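Notes for the one structure printed next.
These numbers were taken from a predicted model, which means no experiment stands behind them. All chains are named by letter (A, B, ...) in the order of the sequence lines, taking the proteins before the strands, and each is independently numbered beginning at 1.
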There are 2 protein chains.
Amino acid sequence: MAIEAPSRRRAIEDAASALFHERGYPATSVRDIARALDIRGASLYAHVTSKEDVLWSIVDRAASTFERAADAAAAATAQRPPAERLSALVRAHVEAIAADPELASVFVSEWRHLSADRKMSILERRDAYEGRFREVIVAGMATGDFGSTDPGLAATFILTALNGLATWYRPDGRLTAQRIADHYADLATRTLEEHR
Amino acid sequence: MAIEAPSRRRAIEDAASALFHERGYPATSVRDIARALDIRGASLYAHVTSKEDVLWSIVDRAASTFERAADAAAAATAQRPPAERLSALVRAHVEAIAADPELASVFVSEWRHLSADRKMSILERRDAYEGRFREVIVAGMATGDFGSTDPGLAATFILTALNGLATWYRPDGRLTAQRIADHYADLATRTLEEHR
DNA sequence: CCTACCGATCGGTAGG
DNA sequence: CCTACCGATCGGTAGG
């Protein structure tokens, strides 16, 4: 089939995601990934050029997923008040994590094992992503909807709390993704709203 | 000197903490730790029984540090309203991280590389620690100081946000530990307080 | 996708 | 704390 090669590549990335999520990148060997696919370690190199290359594909795809989700959330709430815009960003982030926790957790935790230039490129994208949260916080402070705070610190506080989900979320856990998204959007908004 | 042996052991743990913080436990070799102390890899084994043993000492000490800090914070605010008790717990946690970010970051990120029984023991202590936060949240909901929320989810949200500090805190950063503690205590409290 | 193999490095031990 | 060394495993290549 014409789609075999790309789907095989994707199967490798999925198996690697699961293992990187569970044990971390350095503790996962090329042979571990191959074993999950019932092939030999050396056979992986017919589809990938290096172990780091697999990590990069996963991290890059995860970054794009978060960026697209945030784009959609921002577009849908562009004319709404800051609290709603923040709530939409939080929901989009939580839903992206819940949709593929292994992908998200590799993105959140394993990027530091990338080569220096790829690491730098991811750090820049992360900062731009965090900037979306900072901008909404600044806007909310300007309208008086949000109390006065350090926007950078508040954005880091909230995003770190959200990212923790990638570590502990289980599809069959006590709370559904929707309920977690509801709660987290509420908690994040409360974190900033002016008390009155 | 009589204190040489224990201080040497501690020097090993400190060098290991710095490396585990920077690269993670699996990506740090015994020879890396030895090199930081200007000795040979094999010489380390005069002071430690295994690499995992070093990780355990660090994680166990970090856990005790957090527990003692929380004990002191709880004792000092036992008769105060829930918001103040929460604020004290948050400050204690942030200050413990800032006092030794490498120790804290190994505790937060590397415990999963411990053996099964040690991992279990740390997970239990973490849950008990998180329970202190849950209890204050429940108490605040009971008095009406805090709005209605899922105490477990809120505790996880806040503690995850705080733990992120271990990853990015730098003593020479833009904000002092005191200012971060102030802000984080404020953000955590706002996250829960009923709007009025 | 396989077998066979490479040099490098791993955590750890023996024996001073 | 050292030298010398162990078996196991690492990421990756050659050549089908």
Distance alone, cut at 3.5 Å: any donor-acceptor contact between the side chains of B:H93 and B:Y184?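 Checked: B:H93/B:Y184 side chains show no N/O donor-acceptor pair below 3.5 Å.
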Side chains of A:S29 and A:D32: donor-acceptor distance under 3.5 Å anywhere?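 The answer is yes; a qualifying pair exists.
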Thinking salt bridges, do A:E193 and B:R190 make one under a 4.0 Å N-O criterion?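 Looking at B:R190 together with A:E193, the answer is no, because their closest N to O distance does not fall below 4.0 Å.
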Find the distance [X]:[atom1] to [N]:[atom2] and express it as a whole number of Å.
{"X": "B:R31", "N": "D:dC2", "atom1": "CZ", "atom2": "P", "result": "13 Å"}
{"X": "A:R40", "N": "D:dA14", "atom1": "CZ", "atom2": "P", "result": "21 Å"}
{"X": "B:L37", "N": "D:dC2", "atom1": "CG", "atom2": "C1'", "result": "16 Å"}
{"X": "B:F20", "N": "C:dG11", "atom1": "CZ", "atom2": "C1'", "result": "12 Å"}
{"X": "B:D32", "N": "C:dT9", "atom1": "CG", "atom2": "P", "result": "11 Å"}
{"X": "A:I39", "N": "C:dC1", "atom1": "CD1", "atom2": "P", "result": "5 Å"}
{"X": "A:Y45", "N": "D:dG16", "atom1": "OH", "atom2": "C1'", "result": "19 Å"}
{"X": "B:E52", "N": "C:dG11", "atom1": "CD", "atom2": "C1'", "result": "12 Å"}

Taking only the side-chain heavy atoms of [X] (C-beta and beyond), determine which of [options] contains the nearest atom.
{"X": "A:S43", "options": "D:dG11, C:dG12, C:dC1", "result": "C:dC1"}
{"X": "B:K51", "options": "C:dA14, C:dC1, C:dG11", "result": "C:dG11"}
{"X": "A:H47", "options": "C:dA4, D:dC1, C:dC1", "result": "C:dC1"}

Counting heavy atoms not belonging to A:R112, are there more than 12 under 6.0 Å from its CZ?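 Atom CZ in A:R112 is packed in, count exceeds 12.
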Please determine, for C:dC2, whether a Watson-Crick or G-U wobble partner exists with both distances under 3.5 Å, and give it or none.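 D:dG15 is the nucleotide pairing with C:dC2.
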Base paired to D:dT9 (Watson-Crick or G-U; both N/O distances under 3.5 angstrom):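 Pairing partner, where one exists within any strand: C:dA8.
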As a test of understanding, state which of B:I158, B:V136, B:D145 forms a side-chain contact (heavy atoms from CB on, under 4.5 Å) with B:L192.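 Filter result, single survivor: B:I158.
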Remember a base hit wins even if backbone is also touched, and classify B:T28 as base, sugar-phosphate or nothing at under 4.0 Å, heavy atoms.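 Sugar-phosphate contact only - B:T28 comes under 4.0 Å of backbone atoms but never of a base.
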Taking OP1 and OP2 of D:dT9, is either one under 4.0 Å from a side-chain nitrogen or oxygen of A:S29?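 No.
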